[in-house]
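Shown next, in structure tokens, is the structure this report addresses.
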Amino acid sequence: MDVVIENLPVLIFQGAKITLQITIISVAIGCLLGLIGGLSRLSRRKVLRFLATAYVDFFRGTPLLVQIFIVYFGIPKLLMDLQSFMVDSYGMTPVADSFALPRFLAAVIACSLNSGAYVAEIFRAGVQSIERGQMEAARSLGMTHGQAMRYVILPQAFKRVIPPLGNEFIAMLKDTSLLSVIGFAELTRNGQLIIARTYESFAIWLTVGFIYLIMTFTLSRIVDYLERRYKTGD
Amino acid sequence: MIEVKNLYKNFGKLEVLKDINCRVALQEVVCVIGPSGSGKSTFLRCLNLLEEPTAGDIYIDGINLTDKNTNINAVRQDVGMVFQRFNLFPHKTALDNVCLAPMKVKKLSRDEAEKIARELLDKVGLSDKADVYPEQLSGGQQQRVAIARVLAMRPKVMLFDEPTSALDPEMVGEVLAVMKDLAREGMTMVVVTHEMGFAREVGDRVIFMDEGRLVEEGTPEQVFGNPQNERTRTFLGKIL
């Protein structure tokens, strides 16, 4: 018990705080990517639709862990090889000794891209759930497709996607634990480090789990509340 | 005002409209009747290009809608449409439903748009419902707001797609009354309807459609009193 109390401040004020931070940042960027991706999936332009579909398929169809490895290890290696190739073939002067990304940046990139793919599907479903008559009414009044989207369809769709977005947030909060494998100091990584020092596996992992539970439990209550609030008036 | 020439519409292999030709004069009220699946609604929806015609020409106020260079959004400002299911915007109050298009499309200021909207809500008898959301309104009230929303764009033509079919019987009258007022004021109207009483009383002309063809047209007296075509007689015999 002492070991838990002793390490609780670190787990909460370093671990959980970082976990929450990276989740908020990633889902926020994910929402932006998702809005673009979701609308592109519904676009009349084939190229846009294809690109968005490829993006969604790739990031939903591969494990987040692999995506983290690609961003953190794969991309710097690729850039390094590219540089060597340019130096050898065209006599370019090397621009860097290493293209290693800061862990935080790699974490944000991987989690945002992953989240964006899920959010894109949420937005697409949200827009498609709005009755066709809404678009028809707006267009028949002379609005362009863009105006109809902006003033009629999206405001209604946003209301409907709040609960699934909340669920995406909760899922991402748990999935950020995978960032521990690249040594990113979020909650799980902090747990590992404490155990490496104290050997108290059971107590610390239980505590780490419990901290996640408190966060997800609180969030899911908030999602429930929003769901109830937005169910009426729809 | 409206001229339709050799209009065809296919949905895949299904021919929904076959060689429709007709004209609607300024200030005329034309009622389109016919059995379900006869293509009446599709015909109406071609008139503001909610359905893209497969072939043929549609002229509204001299502008060819099927011409690729026609700005359809500009034409639609002049051609209002009232839907069977109202299609009010549920996230906006009655007033904002009416204000939205004038503000965003015609770029009127909030004050100007609101002034027009309040006048129109008053006209359809709903001045006390301005701040109410659609879900709190009855079907008849919703449809009257929808009519006000269309009128706010000052259209030259109004298309009605079975405007009373989704209403409880006791609410049909209030919507028809508003439409009668519009007809009296000289609005050019094309009305797809099952309300034969309305067609007879308000319509200047009645068009009977069956199986995608314009089978018969004439004054209400002609079509209802002395139908020439066998199919018209069969249809009217069933419903009158």
Side-chain angles (χ1 to χ4, degrees), chain A residues 31 34-35 38-39 42-49 119 122-166 223 225-234, chain B residues 41 44-45 47-52 71-93 96-107 113 132-136 142-143 145-161 166:
Chain A
C31 279
L35 183 62
L39 290 179
L42 296 167
S43 168
R44 278 161 299 179
R45 284 185 208 163
K46 260 196 183 139
V47 185
L48 221 53
R49 229 167 40 218
V119 175
I122 293 173
F123 276 135
R124 182 186 60 77
V127 167
Q128 284 184 326
S129 76
I130 307 298
E131 304 70 33
R132 226 179 80 183
Q134 291 290 309
M135 178 56 94
E136 290 184 347
R139 295 306 303 273
S140 76
L141 288 164
M143 285 188 218
T144 62
H145 183 84
Q147 286 174 326
M149 267 295 175
R150 185 161 156 214
Y151 301 117
V152 176
I153 306 296
L154 287 179
Q156 295 183 60
F158 278 135
K159 243 171 146 182
R160 289 194 194 175
V161 300
I162 287 172
L165 275 185
V223 173
Y225 167 76
L226 290 173
E227 200 160 355
R228 254 180 291 121
R229 215 190 116 182
Y230 284 112
K231 212 158 221 167
T232 54
D234 192 46
Chain B
S41 284
L44 196 74
R45 290 160 59 85
L47 297 182
N48 66 352
L49 246 54
L50 278 187
E51 301 292 351
E52 193 114 13
N71 178 1
I72 187 60
N73 295 319
V75 176
R76 281 177 178 150
Q77 293 180 39
D78 292 333
V79 185
M81 183 172 240
V82 176
F83 298 86
Q84 182 177 355
R85 304 228 38 108
F86 331 130
N87 297 348
L88 288 183
F89 308 135
H91 60 304
K92 294 192 175 290
T93 61
D96 286 341
N97 262 276
V98 183
C99 285
L100 184 66
M103 283 168 60
K104 301 306 177 192
V105 179
K106 287 196 167 168
K107 312 289 180 201
V132 168
Y133 285 88
E135 62 167 1
Q136 293 158 283
Q142 288 192 47
Q143 193 62 299
V145 173
I147 291 173
R149 179 174 69 175
V150 170
L151 289 173
M153 293 302 285
R154 304 271 182 246
K156 294 175 184 164
V157 182
M158 281 178 78
L159 311 174
F160 292 84
D161 189 5

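Proteins get letters first, then strands, A, B, ... in listed order; numbering begins at 1 in each.
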### Query
If we only count heavy atoms from C-beta on, is the A:P155 to B:F89 side-chain gap below 4.5 Å?
no
### Considering all heavy atoms, the nearest B:R149-A:A137 contact
NH2-CB, 3.5 Å
### Summary
All heavy atoms of A:Y151 vs all of B:K92, minimum pair found to be O-CE, 3.8 Å
#### Entry: Within residues 123-134 of chain A, residues adjacent to chain B where the heavy-atom gap is under 4.5 Å
A:R132, A:G133, A:Q134
### Query
Is the closest side-chain heavy-atom distance between B:R76 and A:M143 below 4.5 Å?
no
### Message
Quick check: do A:V152 and B:L100 have side-chain heavy atoms less than 4.5 Å from each other?
### Response
yes
### Task
Step through the shown structure and confirm whether more than 12 heavy atoms of other residues, nucleotides or ligands are within 6.0 Å of CZ on A:R49.
yes
### Query
Can you name the closest pair of heavy atoms from B:A101 and A:L141 and give their distance?
CB-CB, 3.8 Å
### Task
Please look at B:K106 and chain A and tell me whether the side chain, the backbone, both or neither of the residue comes under 4.5 angstrom of a heavy atom of that chain.
neither
### Query
For B:Q84, which residues count as a side chain to side chain donor-acceptor pair (under 3.5 Å) partner, sequence neighbours excluded?
none
### Query
Is the backbone N or O of B:L50 less than 3.5 Å from a side-chain atom of A:E136, with the two atoms forming a donor-acceptor pair by type?
no
### Message
For chain A, which candidate among B:V150, B:V82, B:N48, B:L88 shows the most heavy-atom pairs at distances under 4.5 Å?
### Response
B:L88
### Summary
Between the NZ atom in B:K104 and the CD atom in A:Q147, the distance rounded to the nearest 0.5 Å is 8.5 Å
### Between OG on residue A:S140 and CD1 on residue B:I72, distance to nearest 0.5 Å
11.0 Å
### Any donor-acceptor N or O pair under 3.5 Å, side chains A:R139, B:N73
yes
